[in-house]
There are 2 protein chains.
Amino acid sequence: MPITLKQLADRVGVHASTISRVANNDPGLRISPATRSRIEALLRETEYRPNGIARGLKLQQTLALAVVIPDVTNPLFAALFRGVEDGASPRGYNVVLCNTDGSPDRQRAHLASLTARRVDGVILASTFLRDPSVRWLRQQRIPHVLVNRFSDDGLDPFVGSDDVMGAKVATQHLYGLGHRRIAHLAGQPTVSTGVLRRRGYLAALAEAGLKADPELVVESGYVEDGGARGTERLLSMRDRPTAIFAVNDMAAVGAYSVARRLGLRIPDDLAVVGYNNIPLARRLIPGLTTVHVPAHEFGIMATRLLLDQIESQQRPARQVVFQPELVVRGSTVVGTDVELAPAASMRE
Amino acid sequence: MPITLKQLADRVGVHASTISRVANNDPGLRISPATRSRIEALLRETEYRPNGIARGLKLQQTLALAVVIPDVTNPLFAALFRGVEDGASPRGYNVVLCNTDGSPDRQRAHLASLTARRVDGVILASTFLRDPSVRWLRQQRIPHVLVNRFSDDGLDPFVGSDDVMGAKVATQHLYGLGHRRIAHLAGQPTVSTGVLRRRGYLAALAEAGLKADPELVVESGYVEDGGARGTERLLSMRDRPTAIFAVNDMAAVGAYSVARRLGLRIPDDLAVVGYNNIPLARRLIPGLTTVHVPAHEFGIMATRLLLDQIESQQRPARQVVFQPELVVRGSTVVGTDVELAPAASMRE
DNA sequence: TAACATAAGGCAATCGTTTGTCCAGATCAA
DNA sequence: TTGATCTGGACAAACGATTGCCTTATGTTA
């Protein structure tokens, strides 16, 4: 329904191509000042904007990116998306959002649909290890960047943080507080964060000279419910752990509710460390000690890698790895929840 | 880079249009079984998918919708988006997400860009009262549905809940508990939810025969910080309110932190009711009594209205209004936080 | 005055699909 | 044998913007 180049041309009495050149400021165009200003006036008056579809067909670019994540209601991914949009919007790109709920089938379906739509690039944060979808993206030569999780090592541009190090620091923190039976609510072995955080946990124990008890590692997955079930199992052992390192914050929340149900106090009876530092972490009582993951920055950086790749027409295969940072709160050390403590922020 | 119809045609030795008809199952096509099966085999083998841009240009439809919201890191809008995607994806649509951060300028810019992209429809949840952007959508005849907030009464298809009623029920709840000095952390008068919830609050007071004290209404906006500042002002009055009805949950969270700082216990010294029932509400301690807003259902319903509108080519101008529901938790009534109470869910 | 240069735009192909129309050959009836 | 009908597809015109090349009219130079 919006006005087309042809209609404008008929109104000015010139050819459509001339309008196009004026609108795009073609430097090679020689045109009389009078005609130019008539055209420019009309462009302003009609608020002409070229039809993006036609433009896309001709120029072979859509100015659209896609973000594929497990679930945007997870704050980590919501922040990631914001980062992408904040990076893409100023450069003229729109962003399509796709949720997979962790299903490889839905992921495949989404990618197929995005490919048909010819988005200029894809940011993927929902991959499994050795993910067929990623190989497919590579094969189709669709510019893409993996975020947070990766698939096959080193083959794709990637933005994330050092999960091994993060898990190690978290575990060392617990060890330093005197804990000797430290459990791990683990992620699936099919997801890179699951594998790497478990590895970091084990490495920290080894460096500390602690023998790793296989019973202390239970697979909880990334949701509250799994965390609760895993914690129940851990706390029903004869020789209970005194501390839990959870693969992410939601699993840690599951641990909170079980501890509460069993009447165990955090951190005195059970210390808990999470991962991601979602907004909820500082609102829990006590606040949840956790490893900060700069999701928003991930999004910005991933977009930068992606757009550079698109605009330069080559694969940089760059990997950007952030150093994780431990945020200590009341779930491991009493008295650290300063921001909420009455005395600390009393203004009177 | 993907294969085109023309290339396929060359491989089978027929005209591109024939491939197209086979791929689209054109009922009027007369073709020999042999040729048909050769073409079908090739289509499967190459996993041919038509170029969505070319298709869009020809068919004047992109199979893309857009969702424009203030901020996806707000759980309400994240859930809304999921609803939209869940409604749109099975019908073959992709969804572009745009965040405005409440800025009319960014909203306008996004809508302009979406229009240039020729999305098939827009779901808008970030409107102000008498929003120029909405008029513009109407003028451009772009199918759209307003969600949660509306702009000019009745002119556009709308999905939301009865904000006056919700606010009324919330206020009546507080009145029923014996509160007589009930304050309101209000939204901006430029946003429909702000106006309507304030109206519901006032109506409840009036019906109860309570005189409304203008000092008890302070504009906090929809963020934690505003809620905290508003609460500070309310609690510094000589005749303090004993209860607060907040325009949304985040403002209520601000009230929590101020109450805590001042050493006031919730609900004994101060009762608090929020609005939206974001996931955080049940995690606060005590749990936040709030009015449930079915954001996910909003998204699904809005998508239905939008797609019906698009596919039937006419403006239904339907309005779907959900009845809100009060969720009572510990911030108004002690002992209602059952899901977390030790005794209630102890399994041993 | 003829050849040439320059200014100011026009022409038409192209991107990949879709779809109304047309056509050549085969088959059939008379 | 001559039309008429049917089969099995081919042709080409869109959709709207971009862009390399061409054309026309005017002015300049030899």
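Naming convention: chains lettered A, B, ... in sequence-line order (proteins, then strands); numbering from 1 in each chain.
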### Query
With sugar-phosphate meaning primed atoms plus P, OP1 and OP2, does B/Asp26 contact a base, only sugar-phosphate, or nothing at under 4.0 Å between heavy atoms?
nothing
B/Gln60 CD to C/dT19 P, in whole Å, measures 12 Å
Among C/dG9, C/dC15, D/dT18, the one nearest any side-chain atom of A/Leu5 is D/dT18
Between CD1 of A/Ile39 and P of C/dA8 the distance, given in whole Å, is 13 Å
Inset, instruction - State, with a plain yes or no, whether a side-chain heavy atom of B/Arg118 is found less than 4.5 Å away from one of A/Pro2. - result: yes
Atom pairs under 3.5 Å: protein N/O with N/O of nucleotides 10-14 of chain D:
| residue | atom | partner | partner atom | Å |
| --- | --- | --- | --- | --- |
| D/dA10 | OP1 | B/His15 | N | 3.3 |
| D/dA10 | OP2 | B/His15 | N | 2.6 |
| D/dA10 | OP2 | B/Thr18 | OG1 | 2.8 |
| D/dA10 | N6 | B/Arg21 | NH2 | 3.3 |
| D/dC11 | N4 | B/Ser17 | OG | 3.0 |
| D/dA14 | N3 | B/Lys58 | NZ | 3.0 |

To the nearest angstrom, the CD1-P distance between B/Ile53 and C/dT17 comes to 10 Å
Is the shortest side-chain N to carboxylate O distance from A/Arg149 to A/Asp131 below 4.0 Å? no
Counting only side-chain nitrogens and oxygens, does A/Tyr48 get under 4.0 Å of the OP1 or OP2 atom of D/dG16?
no
Minimal heavy-atom distance between B/Thr4 and B/Tyr48, with the atoms involved, is C-CE1, 4.3 Å
Considering only heavy side-chain atoms of B/Asn24, the closest of C/dG16, C/dG9, C/dT18 is C/dT18
When rounded to whole Å, the CZ to P distance for the pair B/Arg118 and D/dG16 reads 8 Å
On a heavy-atom basis, the closest approach of A/Ala9 and A/Ala16 is CB-N, 3.5 Å
Do any side-chain nitrogens or oxygens of A/Arg55 fall under 4.0 Å of OP1 or OP2 in D/dG16? no
In whole angstroms, the gap separating P of D/dG16 from NZ of A/Lys6 amounts to 11 Å
**Request:** Kindly say if A/Thr4 contacts the phosphate of D/dC15, meaning a side-chain N or O under 4.0 Å from OP1 or OP2.
**Result:** no
OP1 or OP2 of C/dG16 less than 4.0 angstrom from a side-chain nitrogen or oxygen of B/Gln7, does that happen here?
-> no
Exactly one candidate in A/Val122, A/Leu97, A/Ile310, A/Val119 meets side chain to side chain contact (heavy atoms under 4.5 Å, CB included) with A/Leu65; the answer is A/Ile310
Do the side-chain N and O atoms of B/Asp105 and B/Ser103 include a donor-acceptor pair separated by under 3.5 angstrom? no
Report task. Examine distances only and state if a side-chain atom of B/Asn51 and a backbone atom of B/Ile53 form a donor-acceptor pair shorter than 3.5 Å. Result -> yes
Is it true that B/Thr303 and B/Tyr93 share a donor-acceptor pair across their side chains at a distance under 3.5 Å? no
Taken to the nearest whole Å, CG/A/Leu29 to C1'/D/dG20 is 14 Å
Whole-Å distance, A/Ile3 CD1 to D/dG16 C1', equals 13 Å
When every non-hydrogen atom of A/Leu114 is compared with those of A/Ala66, the smallest separation belongs to CD1-CB, 3.5 Å
task = Could you tell me whether the phosphate oxygens of C/dG16, OP1 or OP2, come under 4.0 Å of any side-chain nitrogen or oxygen in B/Ser20?
result = no
Looking only at heavy atoms, the pair that brings B/Val96 and A/Asn94 closest together is CG1-CB, 4.0 Å
- Query: Heavy atoms under 4.0 Å, any strand shown: does B/Leu59 hit a base, just sugar-phosphate, or nothing?
  - Reply: sugar-phosphate
From the list A/Val195, A/Asp152, A/Val134, side chain to side chain contact (heavy atoms under 4.5 Å, CB included) partner of A/Leu129 resolves to A/Val195
Look at the side chain of B/Arg117 and the backbone N and O of B/Thr62, then say whether any donor-acceptor pair between them is shorter than 3.5 Å. no
Listed pairs, N/O of protein and of nucleotides 22-25 of chain D, under 3.5 Å:
none

Here the distance between atom P of C/dT17 and atom CG of B/Leu57, to the nearest Å, is 12 Å
DNA chain D in dot-bracket form (Watson-Crick or G-U pairs under 3.5 Å, [ ] crossing, | inter-strand) is ||||||||||||||||||||||||||||||
